Amino acid sequence: MENTAPAADPAAAFDRDPTDGIVATARAPVTFRYYDLVMAGFVTILLLSNIIGAAKLTYVNVPFWPQGWWPAPDGTFIYGAGILFFPLGYVIGDVLTEIYGFARARRVIWVGTAAMLFLAFMSYVVTALPAFDGWECAASGFGGERPLTSSADPAITGGAICQTTYESVFGSTWRIVVASITAFWAGEFVNSFVLAKMKVWTKGRALWSRTIGSTFFGQAVDSLIFYPVAFLGIWTTDAVITVMITNWALKVAWEAALTPVTYVVVNRLKKAEGVDLYDIDTDFSPFATSGKTAD
């Protein structure tokens, strides 16, 4: 039987420094040292951003902003607090695709989606459970003098006050739940796809161009889905467009500002894993079960 030599690695030509201990390859190793840790970090930031950050609106005053200019005529920019931390998920998403390739990033995106679905289910069940009248919390004053944000009416039990507060934080309408999960799923896959393609196009050079470029498109898809689905018809159309564009621009700017951090993490992980993976013959379908295209 005739022996056939293995085909040359199509990414070998991208290896600019054969002595640095990092092998440019289109063939992912069976195991990685830190993949599970990066996945855990990604899902943790995703869930905490949705639990803690999504419920609060905040603002920043920009004194040098021209008076009357859109989108902040008085120089006050209003944004969701989650925007400060949620883009860290995109940074880790970039690291996942850059280091571990699209196939493993795809798996993490599905894990994150499943985690968000469980979060939505658990939030619905817990908020729907009846509140015990004797339940005391910060909003009810812990059985003592009630805060100004609470009700002074003694006929209203602590449990009723705490339930209302709990629902305001953890309760979401079906529109927001659907918008959040769908926007995350679509935005992350676009982000990963663009980065993987740009890495091959640039032959691994100019990391900043693909981290910022992928976020530009990924966050655009995320925002274009989330805000109209969640708030169109509830907010005015002008408000939806303003918040959508403002949050998209802030997320991209935040990603750009974090570029030095991304460089440090990527460089250290590449050295630790010993490979520089390129998605040359990858199946980019979100629903594929294998990493490579069919022969």
Side-chain angles (χ1 to χ4, degrees), residues 43-63 65 71-89 112 115-184 222-223 225-244 246-248 250-251 254:
V43 176
T44 298
I45 291 173
L46 172 66
L47 294 181
L48 291 180
S49 295
N50 278 275
I51 294 172
I52 301 175
K56 182 173 182 177
L57 283 177
T58 185
Y59 68 94
V60 60
N61 289 316
V62 181
W65 189 261
D74 60 353
T76 300
F77 287 82
I78 302 172
Y79 60 95
I83 197 176
L84 296 176
F85 297 96
F86 183 72
L88 292 175
M116 289 184 68
L117 286 169
F118 180 77
L119 170 63
F121 171 73
M122 182 174 175
S123 296
Y124 171 78
V125 172
V126 172
T127 54
L129 293 173
F132 173 58
D133 287 344
W135 177 23
E136 299 293 344
C137 59
S140 66
F142 291 106
E145 184 178 355
R146 293 181 175 178
L148 295 176
T149 55
S150 186
S151 172
D153 186 352
I156 300 178
T157 66
I161 294 172
C162 295
Q163 176 68 13
T164 301
T165 304
Y166 199 86
E167 289 175 353
S168 72
V169 176
F170 295 105
S172 296
T173 67
W174 68 267
R175 287 184 59 174
I176 293 177
V177 171
V178 170
S180 180
I181 295 173
T182 305
F184 160 77
D222 186 298
S223 297
I225 293 174
F226 178 75
Y227 292 102
V229 173
F231 301 115
L232 199 60
I234 300 174
W235 297 354
T236 65
T237 301
D238 286 346
V240 170
I241 293 174
T242 298
V243 174
M244 180 172 62
T246 300
N247 278 266
W248 167 76
L250 286 172
K251 289 175 181 178
W254 191 210

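Keep in mind that what you see is a predicted model, and the values were worked out from it rather than measured.
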**Item:** Non-neighbouring partners of Trp254 that pass ring-ring contact (aromatic ring centres under 6.0 Å, His included), sequence neighbours left out
**Value:**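 Here no residue qualifies.
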Got a second to check how far [X]'s [atom1] is from [Y]'s [atom2], nearest 0.5 Å?
{"X": "Tyr124", "Y": "Leu129", "atom1": "OH", "atom2": "CG", "value": "10.0 Å"}
{"X": "Leu88", "Y": "Thr44", "atom1": "CG", "atom2": "OG1", "value": "12.0 Å"}
{"X": "Thr76", "Y": "Trp65", "atom1": "OG1", "atom2": "CH2", "value": "12.0 Å"}
{"X": "Arg146", "Y": "Asp153", "atom1": "CZ", "atom2": "CG", "value": "7.5 Å"}
{"X": "Asp222", "Y": "Phe184", "atom1": "CG", "atom2": "CZ", "value": "9.0 Å"}

Would you name the heavy atoms of [X] and [Y] that are closest together and state the gap between them?
{"X": "Ile156", "Y": "Ser151", "value": "CD1-OG, 3.2 Å"}
{"X": "Tyr166", "Y": "Val126", "value": "OH-CG1, 3.4 Å"}
{"X": "Asn61", "Y": "Pro63", "value": "O-CD, 3.4 Å"}
{"X": "Ser223", "Y": "Pro228", "value": "O-CD, 3.5 Å"}
{"X": "Cys162", "Y": "Ser140", "value": "SG-OG, 3.7 Å"}
{"X": "Ile161", "Y": "Ser150", "value": "CD1-OG, 3.2 Å"}

Do the side chain of [X] and the main chain of [Y] share a donor and acceptor less than 3.5 angstrom apart?
{"X": "Ser168", "Y": "Thr165", "answer": "yes"}
{"X": "Gln163", "Y": "Thr127", "answer": "yes"}
{"X": "Glu136", "Y": "Gly143", "answer": "yes"}
{"X": "Ser180", "Y": "Ile176", "answer": "no"}
{"X": "Ser123", "Y": "Gly171", "answer": "no"}

**Prompt:** For Asn247 and Tyr227, what are the C-alpha separation, side-chain angles and deciding distance, and is it a side-chain contact (heavy atoms from CB on, under 4.5 Å)?
**Reply:** CA-CA 10 Å; Asn247 278 266; Tyr227 292 102; 3.2 Å; yes
